[in-house]
Every structure is written in structure tokens, then in C-alpha cells.
Amino acid sequence: MHKILLVEDDKLLLKALEDKFTQEGFEVTTAADGDEGVDSALKNHPDIILLDVLMPGTDGITALKLLRKDRWGKDAQVIVLTNLADDAKVKEAESLNAVGYFIKSNWHLEEIIKKVKRRLNL
Amino acid sequence: MNQAKKGTIISIKEIAKRSAQVTIKVPDDFSFRSGQYIWLMIPQLKYPDVKGNSRMFSIASSQNQRGQLDLIFRTSESGYKKTLMELTPGTEIIFSGPFGSLKLPQINLTPLVFLAGGVGVAPFLSMIRYSRESRSGHDITLIYANSGKEEAVYLDELSQIEKENPHFRLVTIFGQLEGGLLKQLKDGDANSKTIWHIIGSQGFVNSAGKFLNDAGISPNTIAFEEFYPELAIPSDFQQRLKTSSINKYPYFLAVESSSNHIVITDINGIILYANKAAENITGYTFEEMKGNTPRLWGGLMSGDFYKGLWQTIKYDRQAFRAEVINRRKNQDEYYALIRISPILDEQGNLTGFVATEEDITSLKQKEKELENAKTAARNVLEDSQADKEKIAQDKAKDEAILKNIGEGVLAIDLERKILFINQAGEDLLGWKSADITGRVINNLPLEDSEGRPILLEKRPTYIAMKEARNVISSDYLFVRNDKSKFSIYINVTPIILNGKTTGAIVVFRDISKEKSIDKAKTEFVSLASHQLRTPLSAMKWFCEMLLNGDAGELSPEQKEYTQNISDSNDMIIALVNALLNISRIEEGRLGVQPEPTDIKNLVFEVLGQLKKEADEKKQQFSVFINQNLPLINIDPKLIREVYINLFSNAIKYTPLGGKISIMVSVSPSELISRVSDSGIGIPKSQQGRVFKKFFRADNAVKLQSEGIGLGLYLAKAIIQSSGGKIWFESKENQGTSFIFSLPLNGSPAKKGEVTLNN
């Protein structure tokens with residue numbers, strides 16, 4: 001079973017993602033802010049991380065920077081899933097080796113699932 | 001030359017109001033120069049005339065005409081003229097001459113202006129005719145003054161010559177000579193080298209001469225020829241002088257050999273005798289002088305001068321003395337001291353004049369040089385004084401301006417050392433003028449937004465001076481002495497003298513507030529869109545899951561309602577995206593990143609995306625794309641958006657089974673895309689608003705109530721940013737075509753902070 005970490009502060013969105021990925025057969029862990037996310041990632045070494053950007057406390061990009069400092073973390077697969085459309089942030093995410101940057105409201109859950117599966121060669 | 005010759009009248013006729021022309025047959029060997037005159041003697045006067053039977057007439061014919069002469073004259077009630085008018089063809093007359101000093105200069109480089117009053121035009125006419133025939137190339141302007149058109153003789157011929165000869169210009173005046181006339185001429189043909197000739201009655205010559213003088217024309221360049229007062233047959237004195245021999249009058253030997261120029265004239269100034277010295281000084285031989293007056297080498301002074309001269313010698317019978325400027329035969333000008341004394345016979349009657357001249361040119365030259373030197377010295381002194389004052393004034397003005405400018409201004413020299421800083425600059429940078437002048441500006445700390453110091457090669461002043469161009473920067477922060485920082489706007493203009501950069505002026509100001517406002521605006525828009533999208537995403541996904549049956553199978557009705565919620569939700573999401581894009585476009589923050597793009601692929605991609613909707617409506621798509629479309633440098637994300645927009649509009653507003661086509665072609669400089677449909681069209685009355693924000697035509701709203709009305713606004717903004725144009729053709733109920741062009745050269749790249757939201 002593949003492990004997926006969902007880092008998202010909005011409860012509703014988190015629930016939708018969690019439910020869907022569980023349904024698809026993933027082992028799902030969640031975090032509601034950047035720090036929690038990094039901790040969880042380093043603890044559980046998920047196969048893929050869906051990372052929100054705008055969160056209270058530590059935001060997604062900062063969390064990604066921290067993650068990349070870790071020996072395991074530097075190679076972790078991270079997809080940035082956010083509603084913030086900001087070229088600067090996209091560039092930052094790219095420079096931190098995020099493998100995707102998607103606007104939530106523009107994508108169906110189904111399509112997100114497909115992307116994740118493709119990343120994991122499923 | 002002065003010998004009397006026989007001639008025959010060929011014709012006499014009136015050619016204008018108060019003017020008549022007489023044509024006389026003359027011997028074939030009679031030659032003359034254009035501009036000269038003859039004395040015409042009628043052997044037997046029918047009507048008595050106290051002034052005698054001979055008069056002077058200017059020759060109106062060109063010197064190339066042989067065997068016949070035209071003369072023109074003002075008709076009058078004098079016995080002579082009345083007789084003349086009644087002469088029949090074939091009548092013999094006697095004439096002598098030719099006389100006269102006016103002539104066309106040898107070289108045709110100096111422009112000539114002829115001022116003619118009435119029949120004074122005759123000698124000018126002969127000169128003009130001759131110039132035309134011989135293609136002499138002289139630049140001639142004839143100002144022909146008359147009291148009325150009916151009085152102007154030969155006007156037609158002169159106008160014709162003007163048409164044919166680019167070197168000849170005719171100006172006719174009916175009335176007074178006005179200043180405006182001269183201005184016209186001065187700007188055109190007349191310059192300081194122009195030679196002016198005036199011919200006419202004494203009154204005309206005087207007033208014309210005065211007119212020119214008043215206008216600043218140098219007397220050196222003006223030559224007069226007055227109509228001579230009617231002259232009687234040669235006086236006794238003249239005869240005596242002519243027939244005398246040197247032996248009979250021994251004093252003449254003395255006169256002959258004198259080293260002073262001596263000329264003897266009759267009471268009208270006609271030269272009867274000139275000695276060797278006179279020939280030497282003037283350059284004319286006695287033979288050439290005979291029949292002329294000393295005006296031959298004179299006439300350069302003002303009309304008033306000659307008036308005064310005549311007044312003195314003829315009427316006051318006093319000796320006249322003056323310094324004049326004369327002109328030798330070779331056109332050299334010289335200064336002369338002239339003395340003219342009247343000659344009185346035993347009865348005290350005036351019989352002639354004797355004139356002496358002394359060449360004082362070198363003396364005058366020395367005087368002039370001295371005067372020039374004095375003037376030059378004076379001018380230099382005044383100039384430097386004026387300069388000093390101006391500099392002082394300018395300095396004061398500049399200081400006042402700089403003091404009051406709110407922006408910081410400083411100047412740097414060749415080595416980028418600070419030469420000067422204004423008050424505002426001191427305050428902004430936190431440096432006192434005394435402490436900062438002399439420092440190299442690049443040593444002052446400048447950072448980027450991350451706190452990293454800016455390298456020398458990237459410093460605005462360095463770049464501006466190295467590349468000799470204006471540089472503007474608003475991305476850096478200046479660090480004051482107290483370590484506080486502020487966002488600084490810098491504008492550097494290099495000072496270039498004779499192609500070399502010698503320094504620069506730097507204008508700067510604090511833009512912290514502007515930057516923070518910008519930041520806040522950006523953050524607000526981002527935040528607003530983010531906050532809106534979050535709940536929308538939630539709705540989207542939960543609807544999706546419901547429809548998917550993840551929470552249990554839905555009844556058809558439940559499915560339908562949920563689908564409706566999802567559709568409405570999608571529309572709000574689209575609206576938020578569109579608003580975000582608009583805000584970016586309007587703020588100029590939309591970036592354009594051109595890359596070589598295959599338009600054909602792009603079009604097919606979009607078509608693929610929209611195929612489902614088109615198929616549902618059973619619409620037929622036709623694609624006409626030029627096989628040899630070149631790759632074009634455009635931003636594919638942006639142009640894709642345009643195609644999506646145009647295609648989905650076409651699909652939306654075309655009924656079931658309708659036709660939609662896409663045509664892409666190339667013109668010499670553009671790539672043209674045309675999306676046509678057979679849909680509802682755009683009502684003519686609303687066509688003007690099609691590209692406006694939120695606009696949807698009435699018939700579009702009727703067909704499909706949902707829609708935001710931002711698609712075309714966005715498409716237009718994108719096309720314009722890409723360097724192209726977009727327009728449409730539409731007829732209601734028939735269909736619409738949207739056409740847009742993109743430059744084949746490619747879109748200009750634009751650094752933007754954001755990209756489009758899809």
C-alpha cells in the first residue's frame with residue numbers, strides 16, 4: 001500500500017482528499033500546517049506528499065525548504081496543491097524540486113488521483 | 001559712336017494707356033548694348049517745342065536685333081511728341097548714340113534686381129530680351145511699377161518670358177513700393193551681393209532709391225538711370241570743347257598730364273572730357289565715357305546724396321566736396337574724395353562742371369581696420385561681461401531649483417565621485433553634503449530585497465556611464481549610515497560632451513510606500529482569490545464524490561440536482577479565475593513568455609479539448625491550416641486561451657448541427673486566425689461593446705443565461721499584449737467570424753509577475 005501525506009489547513013478540503021485517497025487504497029496521513037507536515041513526513045517517509053502553500057504558521061514553501069534539508073527529505077516526491085496562483089511561488093516550488101504545482105479549484109479529484117498514480121508509476 | 005546716323009520710321013503706335021512705341025529702321029552696322037539709349041532728332045517739328053527737336057529714348061530691343069529698333073515713350077502734349085506721334089512710316093529721322101552705362105554684368109553669378117517705373121522698363125526689356133536670346137543665365141528679377149495695368153507696356157511679353165525662363169522673375173506693382181515686397185525678394189533672390197538698377201522718372205528714381213536705402217540695401221549695390229531732362233542741341237561750350245585742340249588751349253596740357261583725375265562735363269553731367277588720370281582711376285577710356293555721366297563709375301551713393309550734389313553745383317553754383325564709393329570698370333570698388341566745381345562763362349552763365357577725384361581707398365582701409373579692431377575689442381569685453389553675468393544668474397537659478405526639488409539629485413564625475421548633492425538628497429541618504437562629496441558613489445551600500453549587496457556591474461550608475469545611456473532602477477534598497485534601509489528609485493542620466501561621457505546626474509527618491517502598497521495590492525488579490533477558491537474547491541470535490549457514488553448511489557433526481565450544484569460551482573470558479581486574470585492584465589503584471597510554437601498543434605489540441613461539447617451539439621468542424629505554417633514565437637499558454645475562448649463561443653452560440661470553421665493563414669508579416677460559425681451572430685447595435693468587460697449580447701443571454709462576459713475582453717488583452725490585433729465580422733442570425741493576427745516576428749517578451757489562470 002502506498003503512503004500519502006496530505007498537508008492542508010482547510011478541514012473540508014482535507015476531508016475530501018482524505019476520503020478519496022483512502023477509497024483509492026492509499027494509506028493516508030494528514031497535517032494541518034507546515035511544521036506538522038515536516039514532522040509527519042520525516043517520521044513516516046510517505047511515497048508522495050500533497051502540499052498546500054498558504055497555511056497559518058509555517059507556510060508550504062518554508063516547509064518544503066526545511067524538508068529538503070533532510071537526507072531523505074531532499075528526494076521526497078512533493079506535489080504542490082494550492083489555490084494560490086503566484087508565479088514567484090511557482091518558481092520557488094520548482095526550484096525546490098516540487099514535481100507539480102496545481103490549482104485545486106481547477107482540477108477534479110479524479111484528475112488529481114491520476115496525477116498521483118502516474119507519479120508513483122501505478 | 002556719337003555720330004549722327006540716319007534712320008527711317010517703320011511704325012508708331014499706342015501700345016498702352018499713355019504709352020507709345022516707335023519702331024525705326026537703323027543701319028545694319030548700328031550696334032549697341034542692351035540697356036542703352038539713343039538721342040532721336042526729328043528734322044522738322046510740326047508743332048513747336050521750346051526744348052528743341054531731339055529727345056533721349058531707351059532702347060527696348062535686344063542687341064541681337066539688327067537693322068531695327070523699338071523705343072517706347074510716354075505720350076504727352078509737347079510739340080516734339082505730338083510731331084512724333086504723327087510721323088508717317090518712311091519718314092527719315094536722325095539719331096545718335098548709343099549711350100548709357102547700365103549693362104548686364106559679364107559674370108552671371110550676382111543676382112540682379114531691376115526696378116522700373118513706367119516706361120523706364122525699356123532698357124530693362126532690352127537686357128531681358130538679350131539675356132533670354134543669349135541664354136546668359138543671369139538671375140534677373142524685374143519689379144515693374146505702374147499706376148495701372150492699362151499703363152504697363154510689354155506685360156504679356158514679360159509674363160511669357162517669366163514662364164519660359166527660370167532665371168527671370170517678374171513682379172508687378174500697381175501702387176506704392178512696400179516693405180513687404182523687399183522682404184519677399186530678400187528671402188528669395190536678393191542677397192548682399194545683389195545689384196540693383198533703378199530706371200524711371202526723377203521722382204520714381206528718388207523715391208525708389210530712398211525706399212531701398214530705408215530697407216537697408218547698401219548704396220554700393222544700387223545704380224540709377226534717370227530720364228534725362230530734355231536736352232537741347234550741344235551748347236557752345238560743348239562744341240568749343242569738342243573742336244578745340246591742345247595747341248589752342250595750352251592749359252589743357254597741364255590738365256591732360258595732371259596726376260589728379262579731372263573730368264569736364266556739360267551742365268547735365270554728360271562727360272565732354274576726361275584726362276589720363278581719370279582713365280586710370282576709373283578704368284574707363286575717354287571713348288567709353290563719352291556720352292555718359294560720371295555715374296558710369298559712380299551712382300553707388302544714395303538718392304539724397306545726388307540730390308544734394310546737384311543742388312549744390314547746379315542751383316547753388318557752389319563747389320561740392322565729398323567722400324564717395326565708386327566702382328571701376330573691373331567692378332572693383334574704391335573710396336574717392338571728389339570735388340566738383342561749376343564752370344561759369346564770362347556772363348556768369350553755367351556752362352559745365354569740372355570734377356576731380358582722389359583715390360583714398362588705402363587710407364579708408366586703414367581707418368576701417370582701426371575701427372574694426374576697436375569694435376572687436378569692445379565686443380569681446382562686452383561679451384565676456386555678459387557671459388559672466390549670465391553664468392552668475394544661471395547658477396543662482398539652478399541653486400534655487402535644486403534646493404526646492406523634493407527628489408534627491410546628485411552629480412557624479414568621470415570616476416563616479418560625487419560632485420554635488422541637493423538638500424533632499426542629503427535627507428534621503430542620511431549623508432551631509434560635506435561628507436559625501438568626493439566619495440565614489442558605488443561605495444555607498446545598495447542591496448536587493450534579500451539583503452545581498454549589488455555588484456558593481458549591476459549598479460545603475462556604473463551601467464549608465466559605461467553604456468552611455470539612461471538607466472532606471474526601482475528594485476534596490478539603500479542602506480543609510482544608521483543601517484536603516486529604504487526602497488530606492490534611481491534614475492541616472494549620463495552627461496555626454498562631444499561624444500564622451502564626462503559624468504552623470506542621478507535623481508532618486510524613496511519608494512518604500514509605493515512598494516508596500518504594491519505588495520499589499522498583490523497580496524490582497526492573491527489572498528482574495530485564494531480565500532474564494534478554497535470553499536469552491538471543497539464544493540467541487542464533494543459534488544464530484546457524490547456524483548461518483550462515493551457516498552452511495554444517487555437517484556436520478558439526486559444526480560441531476562447535484563450536477564446542477566456542480567455546474568454552478570464551476571461557473572463561479574471560472575469567474576474567480578477570470579477576475580484574477582483581469583486584475584493581472586490591468587495591473588500590467590501578466591507576463592508574456594514567447595517560445596517557438598507550432599500553431600497547428602495548438603489548434604488541434606484545443607479542438608481535442610472541446611470535441612465532446614461540439615459532438616454533443618452535432619456541429620461540424622472544418623479546419624483549414626496552411627501546411628507550411630512557420631513556427632511562431634508566441635506564448636502558447638496565452639494563445640491557447642484565446643483559441644479556447646473563440647471556439648467555445650462558437651460552439652455555445654451555434655445551434656445544433658451548425659458549422660464551425662478555423663482558418664489559419666500567413667500574410668507577409670502576420671499569422672491570421674479566423675474562427676467562423678453559423679450561429680446567432682451579434683446584433684449590429686451591440687457590436688461596439690463586444691470586447692468590453694462583462695458584456696454579453698441580448699441574443700446570447702437569451703440563448704444561454706449563464707455566462708460571465710469576460711472571455712473576449714481577456715482574448716483581446718492577450719492578443720494585444722502579444723503584439724497582434726483582433727476583430728470580427730458578424731450578421732445577426734447568420735453567423736460570426738472572429739479574426740486575430742499575430743506578428744510573424746513574434747510577441748515581445750514581457751517580464752510579468754503572474755501567468756494566466758486556467
Side-chain angles (χ1 to χ4, degrees), chain A residues 6-26 28 32-33 50-56 59-62 65 79-95 100-116, chain B residues 449-450 518-519 521-552 566 569-581 583-584 587 589-593 635 637 641 750-758:
Chain A
L6 305 169
V7 187
E8 170 63 62
D9 66 315
D10 186 270
K11 289 197 180 66
L12 284 178
L13 294 178
L14 190 59
K15 180 161 171 42
L17 287 166
E18 194 178 1
D19 285 355
K20 198 68 188 181
F21 274 102
T22 308
Q23 200 183 70
E24 292 288 323
F26 281 84
V28 180
D33 71 54
L50 290 187
L51 182 61
D52 187 16
V53 173
L54 226 59
M55 290 182 290
D59 70 285
I61 301 294
T62 314
K65 281 189 194 150
I79 293 181
V80 174
L81 197 66
T82 178
N83 271 328
L84 187 71
D86 186 331
D87 272 4
K89 290 280 186 277
V90 174
K91 281 205 166 55
E92 267 201 277
E94 270 176 15
S95 70
Y101 190 111
F102 301 106
I103 307 289
K104 278 176 266 194
S105 58
N106 291 344
W107 297 96
H108 286 293
L109 277 173
E110 188 115 356
E111 289 161 323
I112 296 173
I113 307 281
K114 278 208 197 105
K115 285 191 210 296
V116 167
Chain B
S449 50
E450 309 282 311
D518 260 349
K519 197 161 177 241
K521 250 203 262 181
T522 314
E523 285 174 354
F524 173 77
V525 170
S526 290
L527 213 60
S529 56
H530 180 271
Q531 297 304 86
L532 286 170
R533 280 170 166 160
T534 303
L536 292 174
S537 314
M539 280 198 280
K540 183 185 177 88
W541 289 347
F542 283 114
C543 279
E544 190 188 334
M545 288 199 284
L546 275 174
L547 289 168
N548 207 32
D550 294 345
S566 180
N569 193 56
D570 280 339
M571 274 194 286
I572 308 179
I573 291 176
L575 180 60
V576 170
N577 285 345
L579 288 173
L580 200 62
N581 287 336
S583 125
R584 284 165 178 182
E587 298 238 311
R589 289 165 60 220
L590 192 70
V592 179
Q593 282 135 18
D635 186 328
K637 296 191 299 304
E641 191 65 22
K750 182 171 179 281
K751 187 163 177 276
E753 296 159 29
V754 289
T755 47
L756 217 52
N757 266 271
N758 318 64

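Residue numbers begin at 1 in each chain, while the letters A, B, ... track the order of the sequences. The model shown is predicted, which means the values in this text are computed figures rather than measured ones.
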S.K.: Less than 4.5 Å to any heavy atom of chain B: does that hold for the side chain of Leu14(A), its backbone, both, or neither?
M.R.: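 Contact with chain B involves no heavy atom of Leu14(A) at all.
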S.K.: For chain A, which of Leu536(B), Asp550(B), Leu532(B) has the most heavy-atom pairs under 4.5 Å?
M.R.: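 It is Asp550(B).
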S.K.: Of all heavy-atom pairs between Asn106(A) and Lys540(B), which one has the smallest distance, and what is that distance?
M.R.: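 Taking every non-hydrogen atom into account, C-CE, 4.3 Å.
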S.K.: What's the separation between atom CD1 in Ile573(B) and atom CG in Asn577(B), rounded to the nearest 0.5 Å?
M.R.: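 Answer for the CD1-CG pair, Ile573(B) versus Asn577(B), is 7.5 Å.
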S.K.: How about Asn83(A) and Ser537(B): do any of their side-chain heavy atoms sit closer than 4.5 Å?
M.R.: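 Yes, side chains in contact.
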S.K.: Applying salt bridge (charged side-chain N to carboxylate O under 4.0 Å, His left out) as the test, list every pair that has at least one member in residues 101-115 of chain A; sequence neighbours left out.
M.R.: Glu8(A)-Lys104(A), Asp52(A)-Lys104(A)
S.K.: At a heavy-atom separation under 4.5 Å, does Asn548(B) approach chain A through its side chain, its backbone, both, or neither?
M.R.: side chain
